[in-house]
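Here's the structure, in structure tokens; my notes come after.
Numbers here simply count residues along the sequence, with the first being 1.
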Amino acid sequence: MPPCRWVFFDLFDTLCTVDEEVYYAGKKAAAEAAGLDYQAFMAAWASTSQEASVGRIKTPYERAERALEQLGARERRSAAEVARLDVETIQACVHFYEGAEEGLKVLRERGFSLGLISNATATTAFAIGPLGLRARLDALIFSYEVGATKPDPAIYQAALRRTACDPSHALFVGDGANHELDAARAVGMGAVCMDHAVKAHSFRNPDTLSDPSHPAVRSFEELLALPDLAGPHLDD
């Protein structure tokens, strides 16, 4: 593989873990606030996921409003409360994996530029500040801004254009959901599976996992030990 200059990370189940208990407790609170059956609310919420992930639903309020309308609930106050709980929940349930913060710091010290390529809705933006991601990373590429979700090559190509990085000088690190590693490799990037022992399994579709042939690490300590991440060869 040519020398790596940019390391791009997936967000969920790679840099950060999602506390599923906290997440679903927040959604139950949202259903109760709107006076709706929890299962019906979750089905309506899930039905808005793709549009929210590609930016056709642009705000947490708009997503809440769209989901509630499906169930005949059109009160603005209910939509506002569901949106508030959506933001509050993501801020409470998303946390860095052990070693992630230090790992990013070490990679920066070694001379790498760092980026993020994430399938996400506008709600994710409200977790960016508390996590300090804009200070830790050099480029953040979200599907809701780009208009394409992994594994669409458009999201990887947007990241490469924004960073002026040749794909042969980029490495993508992800947990492998949504065929993301296969897609990164298809556009010419290197790909490594971050296989944490703890994942948010309720969000994972086993039918869309990346091919198991990708190199894998189980921690940031193992990632930092990869020969390709010893440091960029800037004179090549």
Side-chain angles (χ1 to χ4, degrees), residues 1-2 4-18 23 43-60 62-63 66-67 86 90 94 113-128 131 133-134 137-196 199-216:
M1 177 180 172
C4 173
R5 290 174 170 77
W6 274 86
V7 183
F8 293 96
F9 288 91
D10 171 48
L11 180 57
F12 302 114
D13 283 340
T14 300
L15 279 180
C16 293
T17 182
V18 178
Y23 174 82
W45 189 259
S47 74
T48 64
S49 178
Q50 181 59 24
E51 284 194 289
S53 294
V54 296
R56 287 197 289 268
I57 295 175
K58 300 187 181 300
T59 67
E62 185 181 348
R63 185 176 183 185
R66 190 82 64 87
D86 187 34
I90 198 168
V94 179
S113 296
L114 305 178
L116 186 79
I117 302 175
S118 176
N119 286 357
T121 70
T123 301
T124 307
F126 291 90
I128 299 308
L131 292 169
L133 284 177
R134 296 200 185 279
L137 301 171
D138 302 295
L140 281 71
I141 291 83
F142 292 110
S143 63
Y144 72 89
E145 295 177 329
V146 173
T149 56
K150 293 177 286 183
D152 189 327
I155 190 170
Y156 301 91
Q157 291 162 351
L160 295 168
R161 283 195 305 271
R162 191 176 301 180
T163 58
C165 179
D166 187 279
S168 65
H169 293 155
L171 178 69
F172 178 74
V173 181
D175 64 284
N178 304 307
H179 294 300
E180 62 182 357
L181 300 174
D182 305 332
R185 183 165 60 186
V187 300
M189 302 169 73
V192 171
C193 178
M194 177 61 83
D195 188 18
H196 291 294
K199 303 180 184 71
H201 287 286
S202 64
F203 298 108
R204 292 169 70 82
N205 180 351
D207 295 328
T208 63
L209 296 181
S210 297
D211 190 280
S213 64
H214 297 282

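When each of Asp195, Asp182, Val192 is tested with His214 by the rule side-chain contact (heavy atoms from CB on, under 4.5 Å), just one qualifies, namely Asp182.
In terms of the ring-ring contact (aromatic ring centres under 6.0 Å, His included) criterion, His179 has no residue partners (sequence neighbours excluded).
The side-chain heavy atoms of Leu11 and Asn119, taken from C-beta on, include no pair separated by under 4.5 Å. At a threshold of 4.5 Å between non-hydrogen side-chain atoms, the residues Val94 and Phe12 count as touching. Between Phe142 and Ile128 the shortest side-chain heavy-atom distance falls below 4.5 Å. A 4.5 Å side-chain heavy-atom check between Glu51 and Ile57 finds at least one atom pair inside the cut-off. Asn178 places none of its side-chain heavy atoms less than 4.5 Å from the side chain of Thr149. Here the side chains of Pro206 and His201 are not in contact, with every heavy-atom distance at 4.5 Å or above.
Summarising the local packing, CZ of Arg162 is surrounded by more than 12 heavy atoms from other residues, nucleotides or ligands at distances under 6.0 Å.
With hydrogens and angles left out, the side-chain atoms of Arg66 and Thr48 include no donor and acceptor closer than 3.5 Å. Side-chain atoms of Asp86 and Thr123 form a donor-acceptor pair, as typed in the model, at a separation below 3.5 Å.
Closest non-hydrogen pair, Tyr144 versus Ala52, comes out as CB-O, 3.6 Å. Closest heavy-atom contact between Pro215 and Ala191: CD-O, 3.5 Å. Counting all heavy atoms, side chain and backbone alike, Leu140 lies closest to Glu145 at O-OE1, 4.1 Å. The minimum heavy-atom distance linking Trp45 with Tyr23 is given by the pair NE1-OH, 4.0 Å. Closest non-hydrogen pair, His196 versus Asp13, comes out as CD2-O, 3.4 Å. Summarising the geometry of Asp138 relative to Ser113, their closest heavy-atom pair is OD2-CA, 3.4 Å, with the distance given to 0.1 Å.
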Test side-chain contact (heavy atoms from CB on, under 4.5 Å) on Cys16 and Leu131; report intermediate values, then the result.
CA-CA 9 Å; Cys16 293; Leu131 292 169; 3.9 Å; yes
Would Ser49 and Arg63 count as a side-chain contact (heavy atoms from CB on, under 4.5 Å) here? Give the steps.
CA-CA 9 Å; Ser49 178; Arg63 185 176 183 185; 3.7 Å; yes
Report the C-alpha distance between Ser213 and Arg185 in whole Å, list the side-chain angles of each, state the deciding distance to 0.1 Å, and finish with yes or no for side-chain contact (heavy atoms from CB on, under 4.5 Å).
CA-CA 11 Å; Ser213 64; Arg185 183 165 60 186; 3.5 Å; yes
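Note that the CG atom of Leu116 and the CZ atom of Phe172 stand 8.5 Å from one another [nearest 0.5 Å]. A distance of 5.0 Å separates CH2 in Trp6 from OG1 in Thr163, rounded to the nearest 0.5 Å. For the atom pair CZ (Phe8) and OG (Ser118), the distance works out to 13.5 Å, reported to the nearest 0.5 Å. Note: Met189 CE to Asp166 CG = 10.5 Å, rounded to the nearest 0.5 Å.
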Using distance only, find each side-chain donor-acceptor pair of residues 150-161 under 3.5 Å and give its atom names and separation, not counting sequence neighbours.
from	atom 1	to	atom 2	distance (Å)
Lys150	NZ	Asp10	OD1	2.8
Lys150	NZ	Ile117	O	3.0
Lys150	NZ	Glu180	OE1	2.8
Asp152	OD1	Ala154	N	2.8
Tyr156	OH	Glu180	O	2.7

